[in-house]
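So the structure is just underneath, and the comments pick up after that.
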Amino acid sequence: MIQLNISTQPIRLDYSIQNAKLNLQSTPAKVQMETMAATLEIHQPRGDLTIDQTPCRYSLGLKNNADFARDNAELGRQSARNAIARIVDEGNQMARIESNSNAIADIAANYSFSEAPGITLGHIEAPNIRYQANPVRFNPTAGKVNFTVQPGTIEGDYQPGRVDIRVTQYPSIQYSTVDVKI
């Protein structure tokens, strides 16, 4: 009987693998911010207070020069009228000779008695008081935010991978026959 021997030799491969490499270097982004706070200036000017004492002083008889001169002129005119009326009255009294009275003695007697001065209670006027408020002044200043952005960077170094395949043993098939006796 003939025996068939088959021997096979598989392929042998030698692999040389170099992995892909990616080196990344990054710098972070930077933000610089500068803030200016909002401000508010408030100024309250003083109000104007006016006190006019003129009515109060006039109640006491204290007057300014113009009013004092005007009132004295009016008093002088009134005194002149009263003096004229008195002189006319005395002249009329002396002219009445039909009356049996002594006119000069009566006139002299009227001047010898003076009236007692009276006390007059009077009201004193209040002063004129005025207040004028001045408005509040506002000066607002808005706040600000100034910023500078420096973007980050990425630098990459990429080395692609490699695969080298080398055959160290080629495949083969060998046939042989052997005569085997049984």
Side-chain angles (χ1 to χ4, degrees), residues 1-76 119-182:
M1 140 155 114
I2 296 184
Q3 186 178 15
L4 181 63
N5 287 331
I6 301 173
S7 69
T8 61
Q9 184 178 355
I11 189 168
R12 286 192 187 166
L13 300 174
D14 189 16
Y15 296 103
S16 174
I17 300 172
Q18 184 178 358
N19 292 332
K21 291 182 182 178
L22 177 61
N23 292 325
L24 292 177
Q25 294 177 348
S26 64
T27 57
K30 293 180 182 178
V31 177
Q32 294 177 342
M33 297 180 86
E34 180 183 347
T35 59
M36 295 173 54
T39 59
L40 176 61
E41 293 178 17
I42 301 174
H43 179 66
Q44 173 66 56
R46 292 185 178 182
D48 297 324
L49 177 64
T50 305
I51 300 174
D52 185 8
Q53 291 278 7
T54 305
C56 182
R57 288 182 180 160
Y58 278 24
S59 297
L60 296 173
L62 303 173
K63 300 180 180 179
N64 62 24
N65 289 338
D67 290 340
F68 184 70
R70 186 187 68 237
D71 289 348
N72 275 338
E74 180 60 34
L75 184 62
I119 296 177
T120 305
L121 298 178
H123 172 71
I124 296 177
E125 292 291 326
N128 293 332
I129 299 174
R130 288 185 304 276
Y131 180 74
Q132 176 66 39
N134 290 324
V136 176
R137 285 185 256 164
F138 291 98
N139 186 14
T141 303
K144 292 182 183 178
V145 176
N146 296 329
F147 60 92
T148 304
V149 177
Q150 182 180 8
T153 59
I154 296 178
E155 295 177 8
D157 180 25
Y158 176 70
Q159 295 176 355
R162 259 188 0 203
V163 177
D164 290 333
I165 302 173
R166 195 179 65 179
V167 177
T168 57
Q169 178 180 332
Y170 288 98
S172 65
I173 299 177
Q174 292 181 352
Y175 299 100
S176 63
T177 57
V178 177
D179 188 18
V180 179
K181 293 188 181 180
I182 314 190

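Any value given below was found using the heavy atoms of this structure, including those in side chains, with hydrogens, waters and symmetry copies removed.
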Distance (rounded to the nearest 0.5 Å) between [X] [atom1] and [Y] [atom2]:
| X | Y | atom1 | atom2 | value |
| --- | --- | --- | --- | --- |
| Glu155 | Gln25 | CD | CD | 6.0 Å |
| Lys144 | Met36 | NZ | CE | 5.5 Å |
| Ile17 | Asp164 | CD1 | CG | 9.5 Å |
| Asn23 | Gln159 | CG | CD | 7.0 Å |
| Ile51 | Cys56 | CD1 | SG | 11.5 Å |

Is atom [atom1] of [X] surrounded by more than 12 heavy atoms (other residues, nucleotides or ligands) closer than 6.0 Å?
| X | atom1 | answer |
| --- | --- | --- |
| Glu74 | CD | yes |
| Asn146 | CG | yes |
| Ile154 | CD1 | no |
| Gln32 | CD | no |
| Phe147 | CZ | no |
| Tyr170 | OH | no |

Given side chains that start at C-beta, do those of [X] and [Y] come closer than 4.5 Å, heavy atoms only?
| X | Y | value |
| --- | --- | --- |
| Asn128 | Pro55 | yes |
| Ser16 | Arg166 | no |
| Asn5 | Val178 | yes |
| Gln9 | Gln169 | yes |
| Asn64 | Phe68 | no |
| Thr50 | Ile129 | no |
| Val136 | Ile42 | yes |
| Thr141 | Leu40 | no |

Short side-chain to backbone donor-acceptor contact, [X] and [Y], under 3.5 Å:
| X | Y | answer |
| --- | --- | --- |
| Thr168 | Arg12 | yes |
| Thr177 | Leu4 | no |
| Ser26 | Thr153 | no |

Partners of Asp48 by side-chain contact (heavy atoms from CB on, under 4.5 Å), sequence neighbours excluded? Gln132, Asn134
Residue list, side-chain contact (heavy atoms from CB on, under 4.5 Å) with Thr8, at least two apart or on another chain: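 Partners of Thr8 by the side-chain contact (heavy atoms from CB on, under 4.5 Å) criterion, ordered by chain and then number, come out as Ile6, Ile173.
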Tyr131 and Gly47 have their tightest heavy-atom pair at OH-CA, 3.4 Å
Looking at every non-hydrogen atom in both residues, tell me the closest pair between Pro45 and Pro135 and how far apart they are.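 Result for this residue pair: CD-O, 3.5 Å.
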Salt bridge (charged side-chain N to carboxylate O under 4.0 Å, His left out) pairs, two or more places apart, involving residues 16-44: none
